J.: 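The structure that follows is given in the form of structure tokens.
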Amino acid sequence: MASIDEVLASISANTDTLTEAQGQIEASKAITEETLGQLQALNVEGAAAALGVTKDQLEECSALAAALVNKLGEALNSATVAKGQ
């Protein structure tokens, strides 16, 4: 049977994984922004427009990851309360 400590450890591990994933998404966004600037400087409009959409989508991914990290924090707090009872 699983214990509350195992629940807490699992939630913490999930939080760490999502935080790392969010950092990787931000790194991808930075590369995308750099490439977008280069394409705009070269007047490659079609590719720049498509990459602009990519950047927007990466921003949404990062925001979703942040929301998940926050929700996991809430779950961790709830499990901590359960442990104290």
Side-chain angles (χ1 to χ4, degrees):
M1 184 167 147
S3 70
I4 294 176
D5 286 334
E6 289 173 305
V7 171
L8 292 168
S10 179
I11 294 170
S12 292
N14 289 329
T15 302
D16 292 346
T17 299
L18 276 171
T19 300
E20 182 179 332
Q22 186 181 15
Q24 292 171 350
I25 291 166
E26 287 296 320
S28 294
K29 190 178 87 171
I31 294 167
T32 301
E33 289 172 341
E34 181 181 341
T35 304
L36 179 59
Q38 293 168 351
L39 290 172
Q40 289 169 334
L42 295 170
N43 290 322
V44 184
E45 299 298 325
L51 207 55
V53 171
T54 302
K55 181 180 116 350
D56 293 343
Q57 291 166 333
L58 287 168
E59 287 173 351
E60 289 178 36
C61 289
S62 183
L64 289 170
L68 286 170
V69 167
N70 286 337
K71 189 54 76 176
L72 283 168
E74 292 173 14
L76 187 65
N77 288 337
S78 296
T80 301
V81 167
K83 182 178 178 180
Q85 294 194 16

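Computed from heavy atoms alone, side chains included, the values below leave out hydrogens, waters and symmetry copies. Predicted model only: the values in this text are computed from it and were never measured.
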J.: Give a yes or no on whether Leu36 and Leu42 share a hydrophobic cluster (residues Ile, Leu, Val, Met, Phe, Trp, Tyr; joining criterion: side-chain heavy atoms under 4.5 Å apart).
T.: yes
J.: Given the rule that I, L, V, M, F, W and Y join up when any side-chain heavy atoms are under 4.5 Å apart, are Ile31 and Ile25 in one cluster?
T.: no
J.: Looking at every non-hydrogen atom in both residues, tell me the closest pair between Leu76 and Ser12 and how far apart they are.
T.: CD1-OG, 3.9 Å
J.: Less than 4.5 Å apart, any side-chain heavy atom of Leu72 and any of Leu18?
T.: yes
J.: Would Thr35 and Leu51 satisfy side chain to side chain contact (heavy atoms under 4.5 Å, CB included), going step by step from the backbone distance to the final call?
T.: CA-CA 8 Å; Thr35 304; Leu51 207 55; 3.6 Å; yes
J.: With rounding to the nearest 0.5 Å, note down the distance linking CD in Glu59 to CG in Leu64.
T.: 12.0 Å
J.: Would you give the length of the straight line joining atom OG1 of Thr19 to atom CG of Leu68, rounded to the nearest 0.5 angstrom?
T.: 10.5 Å
J.: Kindly compute the distance separating OG1 (Thr54) from CD (Glu33), expressed to the nearest 0.5 Å.
T.: 12.0 Å
J.: Please answer: with hydrophobic residues joined when any side-chain heavy atoms are less than 4.5 Å apart, are Val69 and Leu58 in the same cluster?
T.: no
J.: Is the shortest heavy-atom distance from the side chain of Glu45 to the side chain of Asn43 under 4.5 Å?
T.: yes
J.: Only one of Gln57, Lys29, Glu26 clears side chain to side chain contact (heavy atoms under 4.5 Å, CB included) with Ser62; which?
T.: Glu26
J.: Looking at every non-hydrogen atom in both residues, tell me the closest pair between Leu8 and Ala79 and how far apart they are.
T.: CD2-CB, 3.5 Å
J.: To the nearest 0.5 Å, tell me how far Ile11 CD1 sits from Ser78 OG.
T.: 8.0 Å
J.: Indicate yes or no for a side-chain donor-acceptor contact from Ser10 to the backbone of Glu6 under 3.5 Å, with no hydrogens or angles considered.
T.: no
